[in-house]
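Each remark here refers to the structure printed beneath this line.
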Amino acid sequence: MGQSRNTFGKNERLKSVIVLDRAFAEGEKLKAASILVRYTHSSFDAPFPYQVATTVSKRRFKRAVDRNRIKRLLREAWRLEKHRLLVGWSAGDPQRALVFIYIGREIPTFEACQNNIRKIIDVLIDDPIEKS
RNA sequence: ACGGUUGCCUUCAUCGCCUCACGCAAGUGGGGAGGAAAGUCCGGACAGCUCAGAGUGCCGUACUCCUCGAAAGGGAGAACCAUCAAACGUGAUGGGAUAGAAAGUGCUAUAGAAAUUUAAACCGCCGAUGGCUCGUAAGAGCACAGGUAAGGCUGAAAAGGUGGAGUAAGAGCCCACCAGUGGUGGAGUGAUCCACCAGCUUAGGUAAACCUUGCGGGCUGCAAGACCAUGUAAACUAGUGCUUGAGAGCUGCUCGCUCGAUGCUAGAGGGUAGGUCGCAUUAGAUCAAUGAUGAAGCUCGGUGUUGUUUAUUCAACAACGGGAACAGAAUCCGGCUUACACCGUAAAU
RNA sequence: GGCCUUGUAGCUCAACUGGAUAGAGCAUCGCAUUACGGAUGCGAAGGUUUGGGGUUCGAAUCCCUACAGGGUCA
């Protein structure tokens with residue numbers, strides 16, 4: 001079912017302030033070009049392995065239009081690529097919180113975002129969620 | 001400069017986001033950013049603070065009239081300033097937070113004799129009157145007493161201006177006109193303007209310096225505020241107080257009012273920080289929604305080919321590239337300011 | 001979202017109550033010294049006082065406005 005329907009609904013997004021703080025404080029770092037990723041173990045009531053948030057610094061992009069644009073591109077790229085992480089995962093297995101931080105200086109193209117997200121997902125597949 | 005218009009260029013397809021309705025569910029259907037949503041410069045609604053009370057402070061504001069729910073918004077007007085045209089009437093355009101400097105205080109550098117109140121020390125002018133010297137005398141000289149404020153090249157500003165009369169020299173001392181002040185009358189809703197009369201020339205500038213006067217404002221702002229949930233330490237130390245009263249009620253202070261004893265203040269610590277409402281007339285959340293890809297059409301750009309033209313002109317076709325500016329709602333509304341693509345009008349180049 | 005606050009040489013700061021040509025240290029450049037460099041000495045350059053407008057005789061300073069930073073709140 002996941003292959004044909006690449007949804008990205010509300011309960012698939014990382015919203016908890018507590019978990020966000022923990023991800024920034026103790027999360028593992030992962031870098032792909034102009035995207036910085038921080039992730040940590042988490043637990044939530046939804047049938048997905050990951051909860052995801054995107055963020056862009058107000059310092060680097062002053063205009064809200066640019067920040068919205070980048071976050072939309074990142075979300076779209078994640079939506080189209082994340083199905084590979086569903087392989088071999090079933091409800092009840094451990095889950096993770098994931099934060100995308102854009103650290104580039106210019107607005108990226110969609111292709112660049114897609115390539116970088118692919119690389120990140122490759123790494124995440126190689127580093128399966130530890131049982132704890 | 002003014003006015004206007006559209007707003008990922010449009011349509012379709014696939015995948016997807018927020019929200020509402022229906023449905024057990026799968027899903028189906030409806031709605032989904034702006035003129036500035038921005039800046040937060042004004043104002044209002046709304047909410048809480050005890051009634052939103054009094055005094056004082058503080059803040060804001062400042063020509064007049066009208067208008068708007070209100071405002072520093074809009075309209076019309078008055079005086080002033082600048083520029084241009086003028087030529088002795090004034091007119092046009094533009095500008096600004098435009099009350100009071102005759103209640104008081106402060107500041108006014110440099111320059112200048114002197115910079116703000118008994119102006120007169122200095123350079124000057126005079127020396128009529130008194131004094132001294134010379135001379136028979138008329139008179140001459142001295143510059144001692146004294147008179148005077150016209151002149152002293154500065155300065156943003158020099159204590160009314162110009163002209164006359166007057167004098168030893170001079171002075172609003174006197175006169176005419178002008179300016180200023182006060183009063184009366186008239187015109188206008190009013191700011192203000194016009195005329196006449198009076199006596200006085202006393203009074204530089206600065207209030208976006210303090211200040212005075214008039215008017216306005218209680219304070220804080222949706223992180224206001226209400227509720228639910230979760231969690232801890234009603235513990236420790238020091239001080240203070242217990243109805244004859246410490247303190248609290250977020251207001252600058254005082255009064256008044258209300259509350260007030262397992263209290264209050266300080267120190268060092270412990271713990272929670274999640275959600276609902278507030279919150280939207282059909283956008284609407286609470287890490288925060290409008291996107292991605294493809295195709296076709298339209299349009300713009302330069303390039304190439306062909307035809308055409310006086311022409312670097314016009315047209316057709318082809319592949320390529322682009323779809324633009326400013327910019328993203330978070331309680332709502334009105335105004336202002338700033339940013340900006342295109343079209344129209346006017347002016348200039 | 002609301003409310004405060006600050007902008008001066010490349011950097012860190014001065015400039016009294018509005019007064020003259022906006023100063024100082026570090027950094028930069030030149031010269032001297034040295035075989036060369038450093039250090040030292042002498043000298044120079046560097047400013048639309050964030051932009052625009054206003055008040056005033058006079059503005060870094062006062063007022064308005066725009067822009068760019070910084071802080072704070074339950």
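- A syn orientation is assigned to B:A33, its glycosidic angle lying within 90° of 0.
- Between A:L74 atom CG and B:C287 atom C1' there is a gap of 14 Å when expressed in whole angstrom units.
- Rounded to the nearest Å, the gap between the C1' atom of B:A285 and that of C:G1 is 14 Å.
- Searching all strands for a Watson-Crick or G-U wobble partner of C:A44 with both distances below 3.5 Å returns C:U28.
- In this structure C:A68 sits in a base pair with C:U6, meeting the Watson-Crick or G-U test at under 3.5 Å.
- Anti is the conformation of B:G225, whose glycosidic angle sits further than 90° from 0.
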Set out, line by line, the N/O atom pairs under 3.5 Å between protein and nucleotides 288-291 of chain B.
unit_1, atom_1, unit_2, atom_2, d
B:U290, OP2, A:R72, NE, 2.9
B:U290, OP2, A:R72, NH2, 2.8
B:G291, O3', A:R69, NH1, 3.2
B:G291, N2, A:E76, OE2, 3.2
B:G291, N2, A:R79, NH2, 3.4

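- Comparing the C1' positions of B:G185 and B:C58 gives an interatomic distance of 47 Å, to the nearest angstrom.
- Its glycosidic angle being more than 90° from 0, B:G216 falls on the anti side.
- The C1' atoms of B:G53 and B:U251 are separated by 14 Å, rounded to the nearest whole Å.
- The base-pairing partner of B:A121, taking Watson-Crick or G-U wobble contacts with both distances under 3.5 Å, does not exist among the strands shown.
- Not counting sequence neighbours, the partners of A:K71 by the side chain to side chain contact (heavy atoms under 4.5 Å, CB included) test are A:T54, A:V56, A:R75.
- Comparing B:G44 with B:A70, their C1' atoms are spaced 6 Å from each other, to the whole Å.
- As rounded to the nearest Å, B:C194 and B:U212 have P atoms that lie 35 Å from one another.
- Here B:A280 is in the syn range [glycosidic angle within 90° of 0].
- Across all strands shown, B:G96 remains unpaired; no Watson-Crick or G-U wobble contact has both distances below 3.5 Å.
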### Message
Using the rule given for side-chain contact (heavy atoms from CB on, under 4.5 Å), can you reason through A:I35 versus A:I101, listing the C-alpha separation, both sets of side-chain angles and the distance that settles it, and then say yes or no?
### Response
CA-CA 6 Å; A:I35 302 175; A:I101 306 154; over 6 Å; no

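- Nucleotides B:G89 and B:U189 have their C1' atoms positioned 30 Å apart, rounded to a whole Å.
- Rounded to the nearest 0.5 Å, atoms CD1 (A:I117) and CG (A:D122) are 11.5 Å apart.
- With a cut-off of 3.5 Å on both pairing distances, the Watson-Crick or G-U wobble partner of B:U181 is B:A198.
- Contact record, A:E81 with A:I121: O-CD1, 3.5 Å, taken as the closest heavy-atom pair.
- Residues A:L36 and A:F100 are not in side-chain contact: their nearest non-hydrogen atoms beyond the backbone lie 4.5 Å or more apart.
- The CD1 atom of A:I117 sits 14 Å away from the C1' atom of B:A292 (whole-angstrom rounding).
- Between A:Y39 atom OH and A:L98 atom CG the span is 9.0 Å, to the nearest 0.5 Å.
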### Task
Could you walk me through whether A:Q114 and A:E76 pass side-chain contact (heavy atoms from CB on, under 4.5 Å), step by step?
CA-CA 8 Å; A:Q114 208 165 11; A:E76 182 69 9; over 6 Å; no

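- Base pairing analysis places B:U189 opposite nothing; no Watson-Crick or G-U wobble pair with both distances below 3.5 Å involves it.
- Counting heavy atoms from C-beta outward, A:W78 and A:I120 have side chains that stay 4.5 Å or more apart.
- In this entry B:A292 has B:U14 as its Watson-Crick or G-U wobble partner, both defining distances falling under 3.5 Å.
- B:U83 and B:U108 have their C1' atoms separated by 31 Å, given to the nearest Å.
- B:U220 is paired with B:A47 under the criterion used here, namely a Watson-Crick or G-U wobble arrangement in which both key atom distances are under 3.5 Å.
- We find that CH2 of A:W78 is positioned 16 Å from C1' of B:G16, with the value rounded to whole Å.
- B:A341 and B:G322 have their C1' atoms separated by 16 Å, with the value rounded to a whole Å.
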